[in-house]
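Beneath this line is the structure, given in structure tokens, with notes to follow.
Proteins get letters first, then strands, A, B, ... in listed order; numbering begins at 1 in each.
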Number of protein chains: 2
Amino acid sequence: MTEDPRRRVTLADVARRAGVSTALVSVVMRDAPGASQASRERILGVAKELGYRPDVRARSLASLKAHVIGVLFGKAGRFHLELLDGLYAAAEERGWDLALSALTDSRDEKQAVDSLRDFRLDALVMLGPPVPEPLLAGQVPVVVVGWHVDHPEVDIVRTSDEHGMALAVDHLVSLGHSRIAHLEGGSGLVAQARRDAYRSAMRAHGLEAQIRVVPCGGEDQLDGQRGARALLQAGSELPTAVVAFNDDIAAAAMSVLAQQGIDVPRDISVIGFDDSVLAQSPGIDLTSIRQVPREMARLAVERIVARTDGADVADREIVLEPGLRVRTSTGPVRES
Amino acid sequence: MTEDPRRRVTLADVARRAGVSTALVSVVMRDAPGASQASRERILGVAKELGYRPDVRARSLASLKAHVIGVLFGKAGRFHLELLDGLYAAAEERGWDLALSALTDSRDEKQAVDSLRDFRLDALVMLGPPVPEPLLAGQVPVVVVGWHVDHPEVDIVRTSDEHGMALAVDHLVSLGHSRIAHLEGGSGLVAQARRDAYRSAMRAHGLEAQIRVVPCGGEDQLDGQRGARALLQAGSELPTAVVAFNDDIAAAAMSVLAQQGIDVPRDISVIGFDDSVLAQSPGIDLTSIRQVPREMARLAVERIVARTDGADVADREIVLEPGLRVRTSTGPVRES
DNA sequence: CGAATCTTCTAGAACGGTCTAGGGCTGCGG
DNA sequence: CCGCAGCCCTAGACCGTTCTAGAAGATTCG
């Protein structure tokens, strides 16, 4: 209170006030063994009273383990913000810190990782956009969230595209659909996986003859409109249902269909993927496949902590099961 | 090369290799005065050869000025990513570092700032979401990007909503419109500013009698649909043009109108705000007001550097002029 | 009752930089 | 030839932590 408010409270301040050494305060703050219950409580009291917060920089400098997780993110959307939210929560719970680095147009993966390196991270979480070959793999624990990557030293936390697509196709089949097309999402890793998953799901129902992949060329609304037009102009009869690469494409397609006087879900059913805000909008109200970002984030942090502690976790890939969120964009096949 | 690759290259490594003291290397790396041209070149050469990168933590610990800008962001969308992109570029140019902190559902402003504080930032940039009272103001230089705030010690970089709205209304008036409604964006600071700006712009054209603010309640597509329905159900005759709080609302409104068989721009013209990707989508192709995120970011960093250097900049607010991007969602008023 | 062990605490050296004070050189005027 | 700048450079303290080694005091045990 009487101090210069500009200067932050340090370990030494707490130690002086409590009449102990800085080392002891350090022990207590880290919740490490080697302090009596009595002094633990007293020191924590003083620390709280003074509003002490440890300096991450000094802490990570001094300790071999900085307990800092670097996070690479890009394409920030709702889903990614929720992942971040989950990461923050999980990291804080474990006493770790997060250092974020954004991937932008003029800032590639290498630059982003380098700048994180300046902070001496000791683990890396990659939220995307998907790249086939993660940097830093092998040097520190790396967890990739949301897509699959083939690397012996990279952990993966993702939602099962296979299962998600199967849910979507199952749902449509149970509504009587069989001419089910797929609006794909371009050449990305996730798009590939979902495309393959669509094919498998169709085959599982004996519908290989009905397999129809409509190219969009990308994964945003613009691409969705392009795909929808391709679907319409193909000349042949329209499918009775469509499962899209994601909600953006599904929603964009729906609006193109609406412009052509084609009613959803009466004339055609549409399913999205990711259950984003878009899907939840009343005017769109899209049946979609739901991922669980917070859970994914928690598992990613858990895995990092385990690797850092030297735990010998055998499996590299954690696959979560998605859920189906039914809304009004899907309905029974129309009697013709 | 022969070293343990796990260990990072330090100042001492460079110094040893170059046969000088660490202090001299430090001088050279900081580009500070006090080293001869000859040794400067030699040391830089060695540093590059060894792949030396200074440790941000140690650097900021040791120096009073850490040269770290804390960045608060939330609602990450295209616009915010571009702001980040600009911040990275401008900061790097000046030798500063960025420390990001995200605002999420379960992580409020205070938490986000506290975690940044642990990194000992010496300036703060707030990208949103808009809050009326910025934390940390007065302790370190604070720059708010994108909205206005009343605080004697906070710098502001924003685009002129007044000018933007004037551009939109001017454009519509020049096309012959007079019944121009505004789809507002809820209770946020920016929404208020744009609402007021709309009113002023209408008054400037002697159209106060035509002022019509349609409530949406918020600023995303969901709210836009709500607003469009309110517009339609109001009973009275439809306006011939609408200027929306942002592109999301405009696009959502357009799709609702389309569903009702109302053609854009034949029956009604629509203008958005922000010129986001959405506005640029072919199927939407929305006339919109364009902000310049990279320029805003650059100015924010510039201002921070100035404040840190103790420059006595009098004006607190930098207001950029937006531009009008005309696309196909606006057209001449229909002859009735 | 003295030695061994455990618990609790502390001194002091890192960590990788910055920065102040001062020590050699050189060149120049007196 | 000496004194005095001025330029380059270095030694060493310091930033706020962690961590190792070891010192006191309490406790157990032979």
B:Ser101 side chain to B:Ala112 backbone, donor-acceptor under 3.5 Å: yes

Quick one: B:Asp13 CG to C:dG17 C1', roughly how many Å, whole number? 13 Å

List in chain and number order the residues that pass side-chain hydrogen bond (donor to acceptor under 3.5 Å, both in side chains) with A:Ser63, two or more places apart in sequence or in another chain; answer none if no residue qualifies. none

Within residues 35-43 of chain A, residues whose heavy atoms come under 4.0 Å of DNA chain D: none

Check the distance between C:dC15's P and A:Arg57's CZ and give it to me in whole angstrom. 19 Å

How long is the line joining CG of B:Leu61 and C1' of C:dC15, in whole Å? 9 Å

N/O contacts under 3.5 Å, protein versus nucleotides 20-22 of chain C?
none

Pairs satisfying salt bridge (charged side-chain N to carboxylate O under 4.0 Å, His left out), at least one member in residues 28-37 of chain A, at least two apart: A:Asp31-A:Arg40

Length of the CZ-P vector between B:Arg59 and C:dT18, whole Å: 5 Å

If you assign A:Ser60 and B:Ala62 each to the DNA chain D nucleotide with the nearest heavy atom, which residue ends up on the more 5' nucleotide? B:Ala62

Using a 4.5 Å cut-off on heavy atoms from C-beta on, say whether the side chain of A:Val319 contacts that of A:Arg158. yes

Under the rule for ring-ring contact (aromatic ring centres under 6.0 Å, His included), what residues qualify as partners of A:His67, not counting sequence neighbours? A:Trp96

note: B:Leu24, atom CG; C:dT18, atom C1'; distance rounded to Å ~ 13 Å

Is the backbone N or O of A:Leu136 less than 3.5 Å from a side-chain atom of A:Arg117, with the two atoms forming a donor-acceptor pair by type? no

Calculate the interatomic distance between B:Asp97 atom CG and C:dG17 atom P; express it in whole Å. 13 Å

Do side-chain atoms of A:Arg53 reach the backbone of B:Asp118 as a donor and acceptor pair under 3.5 angstrom? no

Whole Å only: how far is the CG atom of B:Leu50 from the P atom of C:dG16? 14 Å

Quick one: salt bridge (charged side-chain N to carboxylate O under 4.0 Å, His left out) pairs with a partner in residues 128-143 of chain B, sequence neighbours left out? none

Find the distance A:Phe119:CZ to C:dG17:P and express it as a whole number of Å. 14 Å

dist A:Leu135:CG -> A:Glu109:CD (nearest 0.5 Å) comes out at 4.0 Å

A:Leu24 side chain near A:Ile43 side chain, heavy-atom distance below 4.5 Å: yes

Taking only residues two or more places apart in sequence or in another chain, which ones pass side chain to side chain contact (heavy atoms under 4.5 Å, CB included) with B:Ala47? B:Val14, B:Met29, B:Tyr52

For the helix from C:dC1-D:dG30 to C:dG30-D:dC1, what is the angle between the axes at its two ends, each from 5 pairs, rounded to 10°? 60°

The answer to which of A:Ala12 and B:Val20 contacts DNA chain D further toward the 5' end, by nearest nucleotide, is B:Val20

Could you list by number each residue of residues 25-32 of chain A showing a heavy-atom separation from DNA chain D of less than 4.0 Å, or answer none if no residue does? A:Ser26, A:Arg30

When you look at B:Asp85 and A:Arg107, which way does the salt bridge (Lys or Arg N to Asp or Glu O under 4.0 Å) test go after all the steps? CA-CA 7 Å; B:Asp85 192 34; A:Arg107 194 155 180 278; over 6 Å; no

Hey, does A:Val56 reach any base, or is it just sugar-phosphate, or nothing, if we go heavy atoms under 4.0 Å? nothing

Taking atom types as modelled, is there a side-chain donor on A:Ser60 or A:Arg120 under 3.5 Å from an acceptor on the other? no

If the threshold is 4.0 Å, N to carboxylate O, is there a salt bridge linking A:Asp114 and A:Lys110? yes

Which residues share a side-chain hydrogen bond (donor to acceptor under 3.5 Å, both in side chains) with B:Arg298, sequence neighbours left out: B:Glu295, B:Glu302

Taking side chain to side chain contact (heavy atoms under 4.5 Å, CB included) as the test, write out the residues that go with B:Val313, two or more places apart. B:Arg303, B:Ala306, B:Arg307, B:Ala311, B:Asp315

Extract, from 5' to 3' on DNA chain D, the first and final nucleotides lying under 4.0 angstrom from some heavy atom of chain A. D:dG16 to D:dC19

